[in-house]
Amino acid sequence: MDTNRLSKNIQMALNEQVTKEAHASQIYLSYAAWADKQGCGGIANFLFRHANEERNHMMKIIEYILKRGGEVQITAIPAPPQNPKSINNCFEKIFEHEVENTKAVYKVAKMAHVEEDWATWNFMQWFVKEQIEEETLAMELIDKIKIAGGENADAASLYSLDRDLENMPDDVASAEDATVENP
Ligand code: OFO
(Lines give C-alpha, C1' and ligand atoms only; values in the text may rest on other atoms or scores of the structure.)
Protein backbone atom coordinates (compact mmCIF):
# COMPACT_ATOMS: atom_id res chain seq x y z
CA MET A 1 0.00 0.00 0.00
CA ASP A 2 1.39 3.38 -0.96
CA THR A 3 1.21 5.75 1.98
CA ASN A 4 3.05 8.59 0.27
CA ARG A 5 0.76 11.61 0.53
CA LEU A 6 2.88 13.70 -1.82
CA SER A 7 2.49 13.67 -5.57
CA LYS A 8 5.57 12.89 -7.63
CA ASN A 9 5.88 16.51 -8.72
CA ILE A 10 5.44 17.99 -5.27
CA GLN A 11 7.91 15.53 -3.80
CA MET A 12 10.43 16.47 -6.46
CA ALA A 13 9.86 20.21 -5.92
CA LEU A 14 10.26 19.84 -2.15
CA ASN A 15 13.46 17.86 -2.60
CA GLU A 16 14.77 20.57 -4.91
CA GLN A 17 13.94 23.13 -2.26
CA VAL A 18 15.94 21.06 0.26
CA THR A 19 18.96 21.48 -2.01
CA LYS A 20 18.25 25.19 -2.45
CA GLU A 21 18.21 25.76 1.32
CA ALA A 22 21.45 23.77 1.66
CA HIS A 23 22.91 25.89 -1.13
CA ALA A 24 21.82 29.06 0.69
CA SER A 25 23.59 27.78 3.79
CA GLN A 26 26.79 27.20 1.80
CA ILE A 27 26.56 30.70 0.35
CA TYR A 28 26.31 32.26 3.82
CA LEU A 29 29.18 30.07 4.99
CA SER A 30 31.42 31.09 2.14
CA TYR A 31 30.61 34.80 2.50
CA ALA A 32 31.15 34.52 6.26
CA ALA A 33 34.58 33.00 5.77
CA TRP A 34 35.38 35.69 3.20
CA ALA A 35 34.21 38.48 5.55
CA ASP A 36 36.34 37.11 8.37
CA LYS A 37 39.36 37.16 6.09
CA GLN A 38 38.65 40.85 5.39
CA GLY A 39 38.93 41.49 9.12
CA CYS A 40 35.15 41.84 9.60
CA GLY A 41 34.66 39.29 12.37
CA GLY A 42 31.29 40.75 13.40
CA ILE A 43 29.82 40.47 9.92
CA ALA A 44 31.31 36.99 9.65
CA ASN A 45 29.67 35.99 12.91
CA PHE A 46 26.31 37.24 11.69
CA LEU A 47 26.66 35.33 8.42
CA PHE A 48 27.82 32.14 10.13
CA ARG A 49 24.73 32.26 12.33
CA HIS A 50 22.58 32.78 9.29
CA ALA A 51 24.13 29.76 7.58
CA ASN A 52 22.71 27.69 10.44
CA GLU A 53 19.32 29.23 9.94
CA GLU A 54 19.34 28.11 6.30
CA ARG A 55 20.26 24.63 7.41
CA ASN A 56 17.28 24.65 9.75
CA HIS A 57 15.07 25.53 6.78
CA MET A 58 16.48 22.55 4.96
CA MET A 59 15.74 20.27 7.93
CA LYS A 60 12.21 21.59 8.19
CA ILE A 61 11.47 20.49 4.61
CA ILE A 62 13.15 17.12 5.08
CA GLU A 63 11.01 16.47 8.15
CA TYR A 64 7.87 17.50 6.28
CA ILE A 65 8.58 15.15 3.35
CA LEU A 66 9.13 12.28 5.77
CA LYS A 67 6.04 13.13 7.79
CA ARG A 68 3.94 12.94 4.61
CA GLY A 69 5.32 9.48 3.83
CA GLY A 70 7.50 10.82 1.04
CA GLU A 71 11.03 10.02 -0.02
CA VAL A 72 13.90 12.37 0.69
CA GLN A 73 16.65 12.62 -1.90
CA ILE A 74 19.83 14.28 -0.82
CA THR A 75 21.74 15.48 -3.84
CA ALA A 76 24.92 17.43 -4.54
CA ILE A 77 24.88 21.07 -3.51
CA PRO A 78 26.05 23.52 -6.18
CA ALA A 79 29.16 25.47 -5.25
CA PRO A 80 28.60 28.96 -3.86
CA PRO A 81 29.22 31.84 -6.26
CA GLN A 82 32.50 33.74 -6.36
CA ASN A 83 33.47 35.75 -3.33
CA PRO A 84 32.07 39.26 -3.12
CA LYS A 85 34.24 42.17 -4.20
CA SER A 86 33.41 44.33 -1.18
CA ILE A 87 31.15 44.37 1.88
CA ASN A 88 28.69 46.42 -0.14
CA ASN A 89 28.75 43.82 -2.89
CA CYS A 90 28.42 41.04 -0.30
CA PHE A 91 25.15 42.49 1.02
CA GLU A 92 23.83 43.06 -2.50
CA LYS A 93 24.60 39.46 -3.42
CA ILE A 94 22.80 38.27 -0.29
CA PHE A 95 19.73 40.29 -1.20
CA GLU A 96 19.72 38.96 -4.76
CA HIS A 97 20.02 35.42 -3.50
CA GLU A 98 17.14 35.85 -1.08
CA VAL A 99 14.92 37.17 -3.87
CA GLU A 100 15.85 34.12 -5.95
CA ASN A 101 14.94 31.84 -3.08
CA THR A 102 11.62 33.63 -2.62
CA LYS A 103 10.81 32.88 -6.26
CA ALA A 104 11.61 29.20 -5.69
CA VAL A 105 9.38 29.11 -2.59
CA TYR A 106 6.52 30.71 -4.54
CA LYS A 107 6.92 28.08 -7.25
CA VAL A 108 6.39 25.23 -4.77
CA ALA A 109 3.46 27.05 -3.14
CA LYS A 110 1.86 27.62 -6.54
CA MET A 111 2.32 23.99 -7.51
CA ALA A 112 0.66 22.88 -4.28
CA HIS A 113 -2.20 25.27 -5.00
CA VAL A 114 -2.70 23.94 -8.51
CA GLU A 115 -2.66 20.33 -7.26
CA GLU A 116 -4.95 21.22 -4.37
CA ASP A 117 -2.42 19.76 -1.96
CA TRP A 118 -3.53 22.01 0.88
CA ALA A 119 -1.22 20.41 3.43
CA THR A 120 1.84 21.37 1.37
CA TRP A 121 0.34 24.73 0.49
CA ASN A 122 -0.17 25.40 4.19
CA PHE A 123 3.34 24.17 5.00
CA MET A 124 4.83 26.47 2.37
CA GLN A 125 3.14 29.51 3.90
CA TRP A 126 5.71 29.34 6.70
CA PHE A 127 8.41 29.80 4.06
CA VAL A 128 6.50 32.57 2.31
CA LYS A 129 6.43 34.45 5.61
CA GLU A 130 10.04 33.58 6.39
CA GLN A 131 11.14 34.98 3.03
CA ILE A 132 9.58 38.33 3.93
CA GLU A 133 11.84 38.33 6.99
CA GLU A 134 14.86 37.21 5.00
CA GLU A 135 14.39 39.88 2.36
CA THR A 136 13.80 42.54 5.02
CA LEU A 137 16.95 41.47 6.80
CA ALA A 138 18.94 41.68 3.56
CA MET A 139 17.45 45.13 2.85
CA GLU A 140 18.51 46.25 6.32
CA LEU A 141 22.06 45.16 5.57
CA ILE A 142 22.02 47.18 2.36
CA ASP A 143 20.65 50.21 4.22
CA LYS A 144 23.36 49.93 6.84
CA ILE A 145 26.19 49.75 4.35
CA LYS A 146 24.63 52.62 2.39
CA ILE A 147 24.74 54.77 5.53
CA ALA A 148 28.34 53.70 6.07
CA GLY A 149 29.20 54.98 2.57
CA GLY A 150 28.43 52.02 0.27
CA GLU A 151 31.40 51.16 -1.93
CA ASN A 152 33.22 54.16 -0.44
CA ALA A 153 32.71 53.20 3.20
CA ASP A 154 35.79 54.18 5.17
CA ALA A 155 37.54 52.01 7.73
CA ALA A 156 35.93 53.73 10.72
CA SER A 157 32.37 53.25 9.42
CA LEU A 158 33.09 49.65 8.46
CA TYR A 159 34.48 49.05 11.92
CA SER A 160 31.35 50.30 13.62
CA LEU A 161 29.09 48.42 11.18
CA ASP A 162 31.07 45.28 11.92
CA ARG A 163 30.53 45.77 15.65
CA ASP A 164 26.78 46.37 15.16
CA LEU A 165 26.34 43.24 13.12
CA GLU A 166 28.15 41.12 15.66
CA ASN A 167 25.04 41.32 17.83
CA MET A 168 22.33 42.01 15.29
CA PRO A 169 19.44 39.56 15.66
CA ASP A 170 19.15 36.91 12.94
CA ASP A 171 15.51 37.62 12.33
CA VAL A 172 13.40 40.71 12.02
CA ALA A 173 9.87 41.38 13.15
CA SER A 174 7.56 40.93 10.19
CA ALA A 175 4.49 42.99 9.32
CA GLU A 176 2.10 40.19 10.25
CA ASP A 177 3.28 40.31 13.85
CA ALA A 178 2.97 44.07 14.21
CA THR A 179 0.25 45.47 16.46
CA VAL A 180 -0.78 49.01 17.39
CA GLU A 181 0.93 48.60 20.76
CA ASN A 182 3.97 46.94 19.30
CA PRO A 183 4.48 48.31 15.78
FE1 OFO B 1 15.93 29.83 3.68
O2 OFO B 1 15.76 31.61 3.71
FE3 OFO B 1 17.23 32.55 3.07
O4 OFO B 1 17.52 31.75 1.53
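Order of appearance sets the numbers: ligands from 1, and atoms from 1 within every ligand. These values consider heavy atoms only, across backbone and side chains, with no hydrogens, waters or symmetry-generated copies. Fair warning: this is a prediction, and the values are worked out from it, not measured in the lab.
- Other residues, nucleotides and ligands contribute over 12 non-hydrogen atoms within 6.0 Å of the CZ atom of F95.
- Protein residues having a heavy atom under 4.0 Å from any atom of ligand 1 are E21, A24, E54, H57, E98, N101, Q131, E134, listed by chain and number.
- Residues passing the salt bridge (charged side-chain N to carboxylate O under 4.0 Å, His left out) test with K8, sequence neighbours excluded: none.
- No chain of hydrophobic side-chain contacts below 4.5 Å, direct or via other Ile, Leu, Val, Met, Phe, Trp or Tyr residues, connects I87 to I147.
- Both V128 and M58 are members of a single hydrophobic cluster when ILVMFWY side chains are connected at heavy-atom separations under 4.5 Å.
- The residues K103 and E100 are annotated as salt-bridged, a charged nitrogen and a carboxylate oxygen being separated by less than 4.0 angstrom.
- Between Y28 and H50, the angle of the ring planes lies from 30° to 60°, which puts this pair in the tilted group.
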